[in-house]
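The structure under discussion appears below in the form of structure tokens.
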Amino acid sequence: MPELPEVETVRRALQRHAAGLSVGSVRGHAVRLRRPLDVAGLRKRLPGRRLDGFRRRGKFLLVDLDPAGTLLVHLGMSGRLLLCDSSSPVLPHTHLTLNLGPALELRFVDPRRFGLIEWLQPGDEAHHPTLSALGIEPLDERAPRDLPPLLHVRRAPLKALLLDQRLVAGVGNIYAAEALWRAGIRPSRPGCRTALPRLERLVGEVRAVLGEAVEQGGTTIRDFASPEGNFGDFAVRLQAYGHAGEPCSRCGLAMVNDRLAGRATVWCRRCQR
DNA sequence: CCAGTATCCTGCAGGC
DNA sequence: TGCCTGCAGGATACTG
């Protein structure tokens, strides 16, 4: 479940190990991801291009192959980018492989196929329907000032607002639950029924939990791993997500699991109001 | 416009 | 042991 910290972990690993390398052959097969994977188009455009750098916007990874364009990657639910020795076994659901040297490959693996890979021409970023609509980067220094007022004018539950990428870019189900628990705010509380100082506290906790998770290399619940194969170490620090039925680590009351905005939502009825 | 729900997809856990 | 069901969730199309 790659959210901002997991994508940032992937970005850093690729920046460290793959920046400056050139793409050789491109292998893959047309498969239906969130949109169809255009292998033929990538085969035409990628070979010979240099990986100039890796950027992140929300949960999107942007691979710059200047000046030709940018490869836009979203990991969806189960997507992984792996740096592998060419001789290493190919995992099931490997949809795309970029050769990066005599024995090095970058592989995109995505069993559930909620991911996305598409080619952006220079200038496309500003018009891309999803990319251009993304909201505030929560770790940006402007977030504490800009985000609370946006939450304050909405009637939807705060959990749903945190998950709305057009408001905040990069928060998913795990870190939304954690931030609300840390802030002591009920996930179903409407934004407009929450005092501004509490919203400021919430944004602060969103930033804190994301920042800590980035430091730990993300959260591995089932299968997240960095391109080098490292697991994220933040799971042990989760206090809400995955702890339904267990005592709240603040007050001891059993945490409950509700369904909110179509998502499992673990929270404490006593601490979160 | 806004909020809520169904949908895509596979793997896995739990029930019987 | 094996089959079935439901759940996991990121983005988005759709409904009310």
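A note on names: the letters A, B, ... follow the listed sequences, proteins ahead of strands, and every chain is numbered from 1.
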Evaluate whether the aromatic ring of A:Phe114 and the six-membered ring of the C:dG9 base sit under 5.5 Å apart, centre to centre, with an inclination under 30°.
yes

Using the side-chain heavy atoms of [X], tell me which of these nucleotides is nearest: [options].
X	options	value
A:His93	C:dG9, B:dT10, B:dG4	B:dT10
A:Arg154	C:dG9, B:dA3, C:dT12	B:dA3
A:Ala156	C:dG10, B:dA3, B:dT10	B:dA3
A:Asn257	C:dA11, C:dA8, B:dG11	C:dA8
A:Tyr241	B:dA3, C:dA8, B:dT10	C:dA8

Determine whether any donor atom in the side chain of A:Arg155 lies under 3.5 Å from an acceptor atom in the base of B:dG4, or the reverse, and answer yes or no.
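Check fails, no donor-acceptor contact within cut-off.
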
Between the base of C:dA8 and the side chain of A:Arg112, is one N or O donor paired with an acceptor at under 3.5 angstrom?
yes

A:Ser249 and A:Gln239: side-chain donor and acceptor closer than 3.5 Å?
yes

Modelled atom types, side-chain donor and acceptor of A:Tyr175 and A:Thr219, under 3.5 Å:
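Short answer, yes.
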
Distance below 4.0 Å between A:Ser78 side-chain N/O and B:dG11 OP1 or OP2:
no

A:Arg269: side chain to side chain contact (heavy atoms under 4.5 Å, CB included) partners, not counting sequence neighbours:
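Partners of A:Arg269 under the side chain to side chain contact (heavy atoms under 4.5 Å, CB included) test: A:Leu253, A:Val256, A:Asp258, A:Trp267.
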
Correct closest heavy-atom pair for A:Asp110 and A:Gly115 would be OD2-N, 2.8 Å

Which whole-number value in Å describes the distance from [X] [atom1] to [N] [atom2]?
X	N	atom1	atom2	result
A:Met77	B:dC8	CE	C1'	12 Å
A:Arg57	C:dA11	CZ	C1'	16 Å
A:Leu75	C:dA11	CG	P	10 Å
A:Leu33	B:dT7	CG	C1'	16 Å
A:Leu150	B:dC2	CG	C1'	15 Å
A:Phe60	C:dT12	CZ	C1'	11 Å
A:Ile174	C:dG10	CD1	P	7 Å
A:Arg34	B:dT7	CZ	C1'	13 Å

Of the residues in residues 161-172 of chain A, which ones touch DNA chain C at a heavy-atom distance under 4.0 Å?
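Nucleic-acid contacts, sorted: A:Gln165, A:Gly172.
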
In chain order, what residues pass the side-chain hydrogen bond (donor to acceptor under 3.5 Å, both in side chains) check against A:Thr9, with sequence neighbours excluded?
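Residues passing side-chain hydrogen bond (donor to acceptor under 3.5 Å, both in side chains) with A:Thr9: none at all.
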
Please name the residue in the list A:Arg56, A:Arg57, A:Lys59 that meets the salt bridge (charged side-chain N to carboxylate O under 4.0 Å, His left out) test with A:Glu8.
A:Arg56

If each of A:Val153 and A:Arg263 is mapped to the nucleotide of DNA chain B with the nearest heavy atom, which maps nearer the 5' terminus, i.e. the 5' end?
A:Val153

Option among A:Val90, A:Leu81, A:Leu91 that satisfies the side chain to side chain contact (heavy atoms under 4.5 Å, CB included) test with A:Arg107
A:Val90

Just wondering, more than 12 heavy atoms not from A:His127 lying within 6.0 Å of its NE2?
no

